[in-house]
Amino acid sequence: MIKTQTKPDTNRHTPVSLASTPTIDERANHCFGCGPANPQGLHLVFTTETTNPDAITATSHFQLDRMHEGPPGHIHGGIIATLFDEAMSKLNRPLNVLAMTRNMEIDYLRPVPLYKPLVLISRHLSRPANADGVPGRKLFHQAEIQHPDGTVLARAKGLFIVVDEKLLALAGITQPET
């Protein structure tokens, strides 16, 4: 029997800047999708429209390069999935919740080109209430990547689950309720 000894991964440590109790926004600085401090990230910037609480949207204009290539001249399918996950997650903040992706379904309709300006749009669809009328934990969103002329290149639907506030406090992500 061969014994293997595991070593800690020193490249994946918690930075000193996060050793205290940073806000959720401070923790998101290194998010691959939208974090400004992640040098390898996508650096997506979203505009959120919340004037109609039943039709919240988030929009990002972006253009990717060869670093994100899958088929020659086109964006890798995994990066497209990341774009959708990021866009739909941006809808959770206006709903005043922290939610995690449970399920995502993607339709790759047309190849998504590199080096072209594109539009990523997500829409909140619904949050069904529980039997007692309290908003449930399930959030349903959708997203599209469009060519600037409006042609839809890919589409996704996602189910997000609201994380219980008590669990967030126990994990040190939010402050406990007093």
Side-chain angles (χ1 to χ4, degrees), residues 18 21-38 40-62 64 68 75-110 112 118-147 150-178:
L18 295 180
T21 53
T23 66
I24 290 173
D25 289 332
E26 289 168 333
R27 290 181 187 206
N29 271 341
H30 285 84
C31 171
F32 179 73
C34 66
N38 185 335
Q40 287 84 31
L42 298 173
H43 302 148
L44 299 171
V45 176
F46 287 87
T47 302
T48 307
E49 176 56 51
T50 60
T51 52
N52 180 351
D54 295 324
I56 297 169
T57 63
T59 304
S60 179
H61 296 267
F62 70 100
L64 298 183
H68 308 102
I75 299 174
H76 188 283
I79 297 294
I80 291 170
T82 300
L83 290 164
F84 284 141
D85 189 50
E86 188 68 24
M88 290 188 285
S89 73
K90 290 298 177 247
L91 301 168
N92 299 328
R93 169 95 27 125
L95 296 169
N96 295 313
V97 296
L98 183 63
M100 308 277 292
T101 310
R102 166 74 187 272
N103 177 299
M104 187 168 54
E105 180 181 315
I106 301 171
D107 289 321
Y108 297 93
L109 304 171
R110 293 178 170 82
V112 182
L118 300 167
V119 183
L120 176 60
I121 302 170
S122 59
R123 293 172 188 83
H124 170 64
L125 299 176
S126 67
R127 182 180 187 183
N130 295 326
D132 60 3
V134 174
R137 293 180 60 210
K138 293 182 178 181
L139 304 172
F140 294 91
H141 303 319
Q142 71 177 23
E144 293 178 344
I145 295 176
Q146 299 178 358
H147 199 275
T151 303
V152 178
L153 305 173
R155 181 177 290 130
K157 291 187 284 188
L159 167 60
F160 288 72
I161 304 295
V162 175
V163 180
D164 184 285
E165 287 288 329
K166 291 175 187 157
L167 292 175
L168 293 173
L170 282 172
I173 295 171
T174 62
Q175 299 299 316
E177 292 182 17
T178 55

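None of these values were measured; they are calculated from a predicted model. Side chains are part of it too, since the values below use all heavy atoms of this structure and drop only hydrogens, waters and symmetry mates.
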Which value, rounded to the nearest 0.5 Å, describes the distance between L42 atom CG and L44 atom CG?
5.0 Å
Distance check, rounded to the nearest 0.5 Å: N92 atom CG versus F160 atom CZ?
6.0 Å
Is the shortest heavy-atom distance from the side chain of L120 to the side chain of F84 under 4.5 Å?
yes
From L64, I80, L83, residue fulfilling side chain to side chain contact (heavy atoms under 4.5 Å, CB included) relative to V112
I80
Without placing hydrogens or testing angles, list every side-chain donor-acceptor pair under 3.5 Å for residues 100-110, not counting sequence neighbours.
| from | atom 1 | to | atom 2 | distance (Å) |
| --- | --- | --- | --- | --- |
| T101 | OG1 | D85 | OD1 | 2.5 |
| Y108 | OH | G77 | O | 3.0 |
| R110 | NH1 | V152 | O | 3.1 |

Test item: side-chain donor near acceptor, T47 and E49, under 3.5 Å:
no
Min side-chain heavy-atom separation L139-V97 under 4.5 Å:
yes
Considering the options L153, L118, I121, which one meets the side chain to side chain contact (heavy atoms under 4.5 Å, CB included) requirement together with Q146?
I121
Could you pull out the closest heavy-atom pair between A58 and L91, with the gap in Å?
N-CD2, 3.7 Å
Taking C-beta and beyond as the side chain, do I161 and L159 meet within less than 4.5 Å on heavy atoms?
yes
Minimal non-hydrogen separation, M88 against G158, with atom names
SD-N, 3.6 Å
Closest heavy-atom contact between S122 and A87?
OG-O, 2.8 Å
Anything under 3.5 Å between a donor and an acceptor, one on a side chain of residues 123-130, the other on a protein residue two or more places apart or in another chain? List them.
| from | atom 1 | to | atom 2 | distance (Å) |
| --- | --- | --- | --- | --- |
| H124 | ND1 | H141 | ND1 | 3.3 |
| R127 | NE | G136 | O | 2.6 |
| R127 | NH2 | G136 | O | 3.1 |

Less than 4.5 Å apart, side chain to side chain, heavy atoms only: is that true for E86 and F46?
yes
